[in-house]
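Here the structure comes first, spelled out in structure tokens, and everything after it is commentary.
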Amino acid sequence: MRILLAEDESALAQPLRNTLREQGYAVDWVDNGTDAQHQGLVEDYDAVILDLGLPGADGLSVLQAWRREGRDVPVLILTARDHWSEKVAGIDAGADDYLSKPFHTEELLARLRALIRRRSGVQNPVLHAGSVTLDTRSGRLSVNGQTVALTSHEYKVLAYLMHHANAVVSRTELTDHIYEQDLDRDSNTIEVFIGRLRKKLPEGTIETLRGLGYRLSGDAS
Ligand code: CA
């Protein structure tokens with residue numbers, strides 16, 4: 001899952017970015033509204049964390065611009081404490097959720113997971129596909145009740161496929177959602193991660209559809 005973090009306060013953004021990365025997200029960080037607006041229009045994020053008080057263009061107009069252009073990415077806005085009218089304006093502008101500063105990181109993470117699930121039509125933070133269980137809170141994979149270790153790239157690929165169970169996901173789409181912007185992207189490595197995941201999962205969990213991509217067969221949850 002790839003996140004856009006738009007926050008100008010680096011004392012907040014840097015540690016938050018690290019935490020999000022530890023949680024298995026690819027994170028693009030921008031510190032002003034102009035870049036935020038551009039990134040949100042050209043990239044396909046799984047969710048956005050948007051501070052409303054940004055230099056360049058304020059968060060509210062950034063969000064309005066995205067919605068005007070038909071970008072339906074889930075957006076969690078960060079508002080200044082006690083500015084209740086900001087929340088109202090943000091929700092009216094198309095925000096999906098909000099948090100007031102200061103906030104507990106755990107709460108932000110839970111709200112983010114919920115936004116991503118909602119978009120994928122998933123109800124539960126624990127994802128199931130037959131005997132495969134992936135807990136998106138802890139990042140733990142288990143197969144037939146046994147814990148199986150994953151590298152961070154394997155986790156990213158599996159989490160994306162499990163959020164899009166039974167859908168065909170192309171290599172390009174996977175590449176877009178597991179790598180951060182600045183990283184060298186090589187869609188051939190996706191094949192390597194899929195190969196490693198297959199060794200850890202029951203046979204047939206991830207199908208290859210020639211020329212189209214991959215499909216993970218999951219239970220609807
Ligand atoms: Ca700010």
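Order of appearance sets the numbers: ligands from 1, and atoms from 1 within every ligand. Numbers here are sequence positions counted from 1.
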*Hey, are the side chains of Y25 and D46 touching, using non-hydrogen atoms and a 4.5 Å cut-off?*
no
*Please determine if R111 and D97 form a salt bridge, counting it only when a charged side-chain N lies under 4.0 Å from a carboxylate O.*
yes
*Any N/O/S atom of E7 sitting less than 3.0 Å from the Ca ion (ligand 1), backbone or side chain?*
no
*For the Ca ion (ligand 1), find the closest N/O/S atom on D8 and give its atom name.*
OD1
*What residues join V42 in its hydrophobic cluster, counting side-chain heavy atom gaps under 4.5 Å, either direct or through other members?*
none
*Less than 6.0 Å separating the ring centroids of H153 and Y179?*
yes
*Hey, is there an N, O or S on A80 sitting under 3.0 Å from the Ca ion (ligand 1)?*
no
*So, D51 and the Ca ion (ligand 1): N/O/S under 3.0 Å, yes or no?*
yes
